[in-house]
Amino acid sequence: MAKTQLNVRVDEGTARAARERATARGISVNRYIEELVRQDAGETGHTFVEAAADFMKRYESVFAEEFGAEREGARPGPSSEGRR
């Protein structure tokens with residue numbers, strides 16, 4: 001999708017909050033603002049799916065380490081029921 005530059009002016013407190021929240025989420029301020037507008041425009045479902053995909057990409061190795069590739073598609077056994 002083509003990108004269009006949009007310049008906005010906000011007070012320093014708002015700018016600082018946007019930077020802090022974007023940093024905390026590990027995304028750019030541009031993406032953070034884009035997601036806020038999408039949510040407001042009713043595209044929350046799309047934003048959720050993108051965030052979930054980003055989460056899975058970021059923590060894929062943690063899941064693989066915890067559950068292992070051999071567990072893929074396996075039904076939980078008695079020893080793993082306590083993990084839920």
What residues form a side chain to side chain contact (heavy atoms under 4.5 Å, CB included) with Leu36, not counting sequence neighbours? Tyr32, Ile33, Gln39

Joint cluster assignment, Val62 & Phe67, ILVMFWY side-chain distance < 4.5 Å: yes

Mind checking side chain to side chain contact (heavy atoms under 4.5 Å, CB included) for Thr14 and listing every partner two or more places apart, or none if nothing turns up? Val10, Asp11

Nearest atoms (heavy-atom pairs only) where Ile27 meets Glu35: CD1-OE1, 3.9 Å

Those residues at least two apart in sequence (or on a different chain) that pass salt bridge (charged side-chain N to carboxylate O under 4.0 Å, His left out) with Glu34 are Lys3, Arg38

Residue pairs passing the salt bridge (charged side-chain N to carboxylate O under 4.0 Å, His left out) test with at least one member in residues 52-65, sequence neighbours excluded, are Arg31-Asp54

Sorted by chain and residue number, the side chain to side chain contact (heavy atoms under 4.5 Å, CB included) partners of Phe55 (sequence neighbours excluded) come out as Tyr59, Phe63

What pairs with Arg21 under side-chain hydrogen bond (donor to acceptor under 3.5 Å, both in side chains), at least two apart in sequence or on another chain? none

